[in-house]
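Working notes for the structure below.
For reference, positions follow the sequence shown, starting with 1.
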Amino acid sequence: MHIRPARTAELPTLQDIERAAGEPFRTLGMAEIADDAPPGIEVLERYLQAGRAWVAADTGDEAVAYLIADVVDAAAHIEQVSVHPCAARRGVGRALISHVATHAVNENLTALTLTTFTDVPWNAPYYARIGFRTLADAELTDGLRQIRRDEAAHGLDRWPRVCMRREL
């Protein structure tokens with residue numbers, strides 16, 4: 001397994017990874033999350049062009065996971081990290097997050113941030129195990145507040161969500 005920048009030709013594969021990674025949400029009664037469309041090709045292309053789209057590739061150099069990130073209030077904000085179930089529970093997501101942390105340090109960013117579901121075992125509890133902490137409302141930056149408003153407008157607040165941060 002190795003981490004590398006995403007390539008334009010594999011953007012449809014990233015969408016397939018997203019769909020497959022969403023399927024386990026069905027077992028938690030979150031079919032709407034499983035059915036949510038992945039980011040569009042044009043959105044993924046923007047991340048790629050900005051240098052903020054990475055994949056974890058297998059020994060055949062095929063993408064099995066991906067991460068896209070934004071810069072939000074001097075932090076690298078993990079917009080999405082998805083691991084295909086065929087590669088789950090092998091440290092692939094953690095490797096992608098470590099890679100983006102190194103990238104963020106090189107860009108003089110102060111932290112990693114993300115938003116996630118509180119009660120999904122592979123969401124907030126997982127991120128807490130790898131060094132993220134839940135932010136209190138008073139700690140949210142303007143950018144994180146806007147992300148949370150956008151998520152609420154998209155219907156994600158049907159299930160409890162939090163913002164998390166890991167200092168770099």
Side-chain angles (χ1 to χ4, degrees), residues 1-8 10-11 14-15 17-18 21-22 33 36 38-40 42-57 63-84 87-157 159-168:
M1 196 74 50
H2 63 283
I3 310 295
R4 62 167 171 74
R7 299 175 184 141
T8 299
E10 67 194 350
L11 296 181
L14 304 190
Q15 292 178 313
I17 291 168
E18 179 75 16
I33 300 304
D36 195 35
E42 63 285 345
V43 172
L44 293 170
E45 181 67 32
R46 283 195 300 270
Y47 281 100
L48 187 146
Q49 293 303 320
R52 295 188 317 254
W54 299 271
V55 300
V64 296
Y66 79 97
L67 184 151
I68 53 177
D70 290 311
V71 175
V72 177
D73 301 325
H77 181 76
I78 299 170
E79 174 58 31
Q80 184 65 42
V81 59
S82 294
V83 179
H84 193 284
R89 300 179 151 312
R90 297 185 190 152
V92 176
R94 183 183 302 232
L96 279 165
I97 291 167
S98 292
H99 184 84
V100 79
T102 299
H103 175 80
V105 167
N106 292 337
E107 296 293 316
N108 296 314
L109 301 174
T110 60
L112 298 178
T113 60
L114 55 83
T115 60
T116 193
F117 294 110
T118 305
D119 300 327
V120 174
W122 58 89
N123 280 193
Y126 168 76
Y127 295 119
R129 287 193 304 275
I130 63 169
F132 285 81
R133 69 177 180 83
T134 299
L135 295 174
D137 285 344
E139 295 178 283
L140 299 183
T141 63
D142 290 341
L144 290 175
R145 287 182 198 285
Q146 183 60 53
I147 288 168
R148 288 293 295 122
R149 282 191 294 272
D150 294 345
E151 290 176 346
H154 191 68
L156 294 179
D157 279 7
W159 304 275
R161 287 184 67 78
V162 292
C163 291
M164 300 182 82
R165 181 179 176 97
R166 184 170 102 184
E167 300 302 326
L168 298 174

With sequence neighbours left out, what residues match Asp157 under side chain to side chain contact (heavy atoms under 4.5 Å, CB included)?
Arg148, Ala152, Arg161

By side chain to side chain contact (heavy atoms under 4.5 Å, CB included) - contacts of Ala76 (at least two apart):
Ala104, Leu109, Leu112

Nearest 0.5 Å, what's the OG-CD1 distance between Ser82 and Ile17?
8.0 Å

Using a 4.5 Å cut-off on heavy atoms from C-beta on, say whether the side chain of Asp36 contacts that of His154.
yes

Kindly determine whether Thr115 and His77 satisfy side chain to side chain contact (heavy atoms under 4.5 Å, CB included), including the steps that lead there.
CA-CA 9 Å; Thr115 60; His77 181 76; 4.1 Å; yes

Which residues pass the ring pair (Phe, Tyr, Trp, His ring centres under 6.0 Å) test with His2, sequence neighbours left out?
none

For Ile147 and Leu144, run side chain to side chain contact (heavy atoms under 4.5 Å, CB included): C-alpha distance rounded to whole Å, both residues' side-chain angles, the deciding distance at 0.1 Å, then the answer.
CA-CA 5 Å; Ile147 288 168; Leu144 290 175; 4.3 Å; yes

Closest contact, heavy atoms only, Pro39 versus Gln15:
O-NE2, 3.0 Å

Across all chains, not counting sequence neighbours, the side chain to side chain contact (heavy atoms under 4.5 Å, CB included) partners of Glu45 are Thr8, Leu11, Leu48, Gln49

Which residue pairs satisfy the ring-ring contact (aromatic ring centres under 6.0 Å, His included) criterion with at least one member in residues 124-152, sequence neighbours excluded?
Tyr127-Phe132

Listed partners of Thr110 passing side-chain hydrogen bond (donor to acceptor under 3.5 Å, both in side chains), at least two apart:
Arg165

Does anything in residues 93-103 form a side chain to side chain donor-acceptor pair (under 3.5 Å)? List the pairs, not counting sequence neighbours.
Trp54-His99

If I take atom CZ from residue Arg46 and atom CG from residue Asp70, how far apart are they, to the nearest 0.5 angstrom?
10.0 Å

Run the side chain to side chain donor-acceptor pair (under 3.5 Å) check on Glu18 and Tyr66 step by step: do they pass?
CA-CA 9 Å; Glu18 179 75 16; Tyr66 79 97; 2.8 Å; yes

Sequence neighbours excluded, which residues qualify as side-chain hydrogen bond (donor to acceptor under 3.5 Å, both in side chains) partners of Glu10?
Arg4

Candidate pair Thr118 and Trp159, rule side chain to side chain contact (heavy atoms under 4.5 Å, CB included), full reasoning:
CA-CA 8 Å; Thr118 305; Trp159 304 275; over 6 Å; no

Can you sort out the partners of Gln146 under side chain to side chain contact (heavy atoms under 4.5 Å, CB included), two or more places apart, ordered by chain and number?
Arg149, Asp150

Please enumerate all residues that pass side-chain hydrogen bond (donor to acceptor under 3.5 Å, both in side chains) together with Thr116, with sequence neighbours excluded.
Asn123

Leu96 to Ala56 - nearest heavy-atom pair and separation
CD2-N, 3.9 Å

Apply side chain to side chain contact (heavy atoms under 4.5 Å, CB included) to the pair Val55 and Arg7, showing each step before the final yes or no.
CA-CA 9 Å; Val55 300; Arg7 299 175 184 141; over 6 Å; no

Results of ring pair (Phe, Tyr, Trp, His ring centres under 6.0 Å) for His84 - residues two or more places apart only
none

Is any side-chain heavy atom of Phe117 less than 4.5 Å from a side-chain heavy atom of Ile33?
yes

Which side chain to side chain donor-acceptor pair (under 3.5 Å) pairs, counting each pair once, include a residue from residues 128-144, with sequence neighbours left out?
Asp73-Thr141, Arg133-Glu139

When rounded to the nearest 0.5 angstrom, what distance separates CG in Leu67 from CD in Glu79?
10.0 Å

